[in-house]
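This chain uses plain numbering: 1 for the first residue, then up along the sequence.
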Amino acid sequence: MAKLLPLFKRRSVLVLTAVPAAVATVALAAGPAQAATWSSSDKYASWNNNGYTLYNDVWGGGAGPQTIWANSAANWGVWSNQPNTGGIKSYPNVSKWVGTPINSLKSVTSGYSVSVPSSGAFESAYDIWDSSNADEIMVWLNKTGAIGPIGSYVTNVSVGGYNFNVYKGDNGSNNVYSFLNTGYSTSGTVDILSVLKWLENSEHWIGNVTLGNVQFGWEITSSSGGMNFQVNNYWVSAS
């Protein structure tokens with residue numbers, strides 16, 4: 001069963017420069033076009049659906065309002081109104097617990113399709129954890145605005161179906177390994193196990209860790225005026 005991680009473990013992104021306050025944004029209506037099965041504006045709202053857990057997770061300092069809605073774990077989103085200031089304000093996400101050592105897994109894959117704003121500061125990202133929360137693996141599929149990962153650039157690698165620039169660092173609580181897509185993708189499939197095996201066998205940064213939560217969502221730094229983020233399709237498969 002998925003579990004909510006400690007809030008400090010979300011701090012895996014650095015804001016490189018503040019987004020100018022003068023940038024014009026268009027306010028969008030909160031929530032989906034039609035009534036959803038579930039919705040909440042509570043900062044730490046959660047909802048279980050078919051083995052997945054959705055979290056609103058508005059945890060950052062100076063955060064603005066955010067409403068999460070869902071019809072299922074595969075169709076959900078948020079309306080988020082975050083100020084043009086530094087620091088991550090929220091990580092709305094869908095989470096699935098695996099609980100199996102990576103060397104005992106034959107396959108871990110995930111598919112996604114998202115609709116995102118054209119302005120603001122955020123990235124669409126997987127946040128993947130070992131079961132002890134000592135190792136955090138972020139996989140960025142797209143980013144908008146002046147944000148960057150914690151740590152230092154190490155190498156470029158093609159793995160898991162994408163070409164990534166890889167960064168290594170820590171946030172004072174756990175190791176953070178960030179894979180930044182050199183392209184920009186809003187839909188596709190990620191071979192998560194291949195990424196984990198590369199960390200284990202090629203870089204030796206992790207061992208035969210137990211795969212814990214596989215999370216997917218948006219780390220939102222700025223969405224001034226209110227912006228809509230939507231998951232159109234999503235799944236995780238582990239065997």
Side-chain angles (χ1 to χ4, degrees), residues 5 8-17 86-88 91 93 95-96 98 100-114 116 121-221 234 236-238:
L5 299 173
F8 60 75
K9 293 187 180 295
R10 304 296 188 199
R11 298 172 186 171
S12 53
V13 173
L14 296 176
V15 175
L16 304 181
T17 58
I88 302 166
Y91 180 57
N93 70 88
S95 181
K96 186 175 180 66
V98 177
T100 304
I102 61 175
N103 289 346
S104 297
L105 288 163
K106 295 180 180 179
S107 173
V108 183
T109 56
S110 180
Y112 64 94
S113 173
V114 299
V116 295
F122 62 89
E123 88 276 352
S124 303
Y126 285 88
D127 205 4
I128 302 161
W129 298 82
D130 73 33
S131 60
S132 68
N133 295 336
D135 296 299
E136 177 182 10
I137 300 97
M138 296 212 73
V139 179
W140 294 22
L141 284 313
N142 61 69
K143 80 178 188 76
T144 297
I147 56 174
I150 276 179
S152 302
Y153 172 81
V154 177
T155 189
N156 175 271
V157 64
S158 291
V159 67
Y162 298 81
N163 183 260
F164 295 112
N165 288 327
V166 182
Y167 293 76
K168 180 183 181 184
D170 70 79
N171 60 16
S173 300
N174 52 265
N175 301 314
V176 182
Y177 309 117
S178 298
F179 292 73
L180 275 62
N181 184 9
T182 58
Y184 184 97
S185 178
T186 56
S187 64
T189 303
V190 180
D191 184 344
I192 292 172
L193 187 58
S194 290
V195 172
L196 298 174
K197 288 297 188 72
W198 181 84
L199 286 168
E200 178 190 19
N201 298 322
S202 296
E203 298 301 309
H204 310 293
W205 293 347
I206 66 173
N208 181 28
V209 298
T210 295
L211 177 57
N213 277 305
V214 176
Q215 301 176 301
F216 179 80
W218 304 277
E219 285 190 317
I220 303 173
T221 292
Y234 181 74
V236 176
S237 175

### Query
Is there side-chain contact between W205 and K168, with at least one heavy-atom pair below 4.5 Å?
yes

### Query
Are any non-hydrogen side-chain atoms of F179 and Y167 less than 4.5 angstrom apart?
no

### Task
Please report the C-alpha distance between T109 and L193 in whole Å, then the side-chain angles of each, then the deciding distance to 0.1 Å, and finally whether the side-chain contact (heavy atoms from CB on, under 4.5 Å) criterion is met.
CA-CA 7 Å; T109 56; L193 187 58; over 6 Å; no

### Message
In the structure I gave you, are the side-chain heavy atoms of W129 and Q215 within less than 4.5 Å of one another anywhere?
### Response
yes

### Task
Answer whether the closest heavy-atom distance between the side chains of N171 and V176 falls below 4.5 Å.
yes

### Task
Ignoring hydrogens and angles, state whether a donor on the side chain of N163 or T182 is under 3.5 Å from an acceptor on the partner side chain.
yes

### Message
Under a plain distance cut-off of 3.5 Å, with no hydrogens placed, do N142 and S185 share a side-chain donor-acceptor pair?
### Response
no

### Query
Mind checking whether N213 and I128 have side chains closer than 4.5 Å, heavy atoms only?
no

### Inter-residue atom distance N201.CG - L199.CG, 0.5 Å rounding
9.5 Å

### Task
Decide yes or no for W140 and L180: does some side-chain heavy atom of the first lie under 4.5 Å from some side-chain heavy atom of the second?
yes

### Option from W218, F216, Y234 for which ring pair (Phe, Tyr, Trp, His ring centres under 6.0 Å) with Y112 holds
F216

### Task
Please assess V157 against W198 for the test side-chain contact (heavy atoms from CB on, under 4.5 Å), listing each intermediate value before the final yes or no.
CA-CA 9 Å; V157 64; W198 181 84; 3.5 Å; yes

### Message
Contact between I137 and L196 at the side-chain level, heavy atoms closer than 4.5 Å - yes or no?
### Response
yes

### Query
Judged by modelled atom types alone, do D130 and S132 share a side-chain donor-acceptor pair under 3.5 Å?
yes

### Task
Using the side-chain contact (heavy atoms from CB on, under 4.5 Å) rule, take N174 and N133 through it: C-alpha gap first, then chi angles, then the decisive distance, then the call.
CA-CA 7 Å; N174 52 265; N133 295 336; 5.9 Å; no

### Query
Less than 4.5 Å apart, any side-chain heavy atom of E136 and any of N175?
no

### Task
List the steps, then state whether side-chain contact (heavy atoms from CB on, under 4.5 Å) holds for Y153 with N165.
CA-CA 7 Å; Y153 172 81; N165 288 327; 3.7 Å; yes

